[in-house]
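Down below is the structure, laid out as structure tokens.
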Amino acid sequence: MIMAIRRVYLDNNASTLPLPEVIDAMMTLLREEYANPSSPHQFAQSAKYRVECARQQVADLIGAAPKEIIFTSGGTESINLAIRGFLQANTPEPSAGRFVTTMVEHSAVFRVAERLAADGYDVDFVGVDKHGRIDQAEWDAKLTPETSLVSLVHANNETGVVFDVAKLGAVASDRGIPVHVDAVQSAGKLPIDVSSLPISLLSMSAHKLHGPKGAGALYQKRRTRLAPVLLGGGHERNLRAGTENVPGIVGMGVAAEAAKRDCGEFRPRVTALRDRLQRGILEAFPDAHINGLKAERVYNTANISFPGLESEAILILLSEAGISVSSGPACSSGSVELSRVLKAMGLDERIIRGAIRFSLSRFNTPEEIEYVVSLMPQLLSKLSTMCGA
Ligand code: PLP
């Protein structure tokens, strides 16, 4: 057994460490400013003011106006409000609605698409090539004049592959089709300026950008009609009922401001660490396959397959060594389901079965990456012997 000498967290696409300034801001809210921002008294005014400051900070991250930001409980809720809320408001009759998305979306979009199809909407999925790049001809062909809405992930959560939302969105907007972008993995990592992009709706999540869990935001471009998905009070301009999660929202605002401020500094650093990790792994295991290598990828993600080895076994050994990574999605029975994203890329089953996602953050250090790289030969040869690879 390999002894864990430290903890190395490389699962930042799952969730990130909240920044100290995020925690400090949230603690003040939890301890002192706990009033309901909708209450009529002065105490509540300060909570309301904090929410509006956070709205400005989140808007600034993506070049939006504060009134175009709706706070939600996270990426999944933002996506549900964007897609279901848009179709409900604009094409409530399913037989008249067409929704187009891609084969490699996060399940928050994919499951919504499946439900829309079950409800009677015409739903279509656009495929990708073996590098995870969208099939441009299929995208062009599937965006028919009947299409009510398209949804596109910006940075893929499994492979890190980045879709060119400007180019793909332009095809849609030239045909008068509104675009929703799932920017949960890109907001705070890649520059996004909605004021110059053909995007009507964009989803974000605080816990992916060093903010807290349970907070998210949806950008709703002016004049984009939405119906609420959650019914109740008139919060968030009648679009998202429920008392605001003030500490979470404030934490998201602080995280958004920090990401905008610091991205220029951490981006080259994280890129160099990710690239060093890839090189080190390829040296230890020359058959390793970097999924999405030929595509543009977000700089913190490396999805690496070890053909002949099982990702679950690699994950367990890495975890015993104190290294946290992810593999493909596990189903509730405990058995491993092959990644839908890697399958859509048409990869060989041996490659899919041995895939591990390493996702870095601004907090990772060169020492941590060297620790992982130094362990890999020992770990992989142990597994190869066990698996007879
Ligand atoms: N979209 C993408 C691309 C994601 O990676 C995730 C979470 O991993 C989500 C949506 C859902 O976000 P949340 O966890 O905030 O609900």
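Residue indices begin at 1 and follow the sequence shown. Numbering of ligands and ligand atoms starts at 1, following listing order.
Ligand 1 has no nitrogen or oxygen under 3.5 angstrom from a nitrogen or oxygen of I79.
Taking a cut-off of under 4.0 Å to the non-hydrogen atoms of S205, the atoms of ligand 1 that pass are 13 (P), 15 (O). Close approach of ligand 1 to G74 (heavy-atom distance below 4.0 Å) involves ligand atoms 15 (O). Those atoms of ligand 1 that come under 4.0 Å of a heavy atom in Q185, given as number and element, are 3 (C), 4 (C), 5 (O), 8 (O). Counting atoms of ligand 1 from 1 in the listed order, those under 4.0 Å from a heavy atom of G75 are 12 (O), 13 (P), 15 (O), 16 (O).
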### Task
Test side-chain hydrogen bond (donor to acceptor under 3.5 Å, both in side chains) on N90 and S148 and set out the steps.
CA-CA 8 Å; N90 297 280; S148 321; over 6 Å; no
### Working for ring-ring contact (aromatic ring centres under 6.0 Å, His included), residues Y121 and F99
CA-CA 7 Å; Y121 283 91; F99 176 66; 8.5 Å; no
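Close to ligand 1: H207, with a non-hydrogen atom less than 4.0 angstrom away. Between H154 and ligand 1 there is no heavy-atom distance shorter than 4.0 Å.
Nearest protein neighbour of atom 4 (C) of ligand 1, counting heavy atoms only, is H106 CD2, 3.3 Å. Protein heavy atom in closest approach to atom 3 (C) of ligand 1: D182 OD2, 3.3 Å. From the protein, the heavy atom lying nearest to atom 7 (C) of ligand 1 is K208 NZ, 2.9 Å.
In E77, neither the side chain nor the backbone holds a heavy atom less than 4.0 Å from any atom of ligand 1. Using a 4.0 Å cut-off between heavy atoms, T76 contacts ligand 1 through both its backbone and its side chain.
Ion pairing of E114 with R111 is present here, as a side-chain N (NZ or NE/NH1/NH2) and a carboxylate O approach within less than 4.0 Å. In this structure, K48 does not pair ionically with E244, as no charged nitrogen and carboxylate oxygen lie closer than 4.0 Å. For the pair D262 and R362, the salt-bridge criterion is met [side-chain N within less than 4.0 Å of a carboxylate O].
Judged by distance alone, the side chains of T144 and T147 do bring a donor and an acceptor atom under 3.5 Å apart.
Residue Y299 is tested with V270, D275, L273 for a side-chain contact (heavy atoms from CB on, under 4.5 Å); the sole match is V270.
Between L360 and R274, the shortest heavy-atom contact is CD2-N, 3.6 Å.
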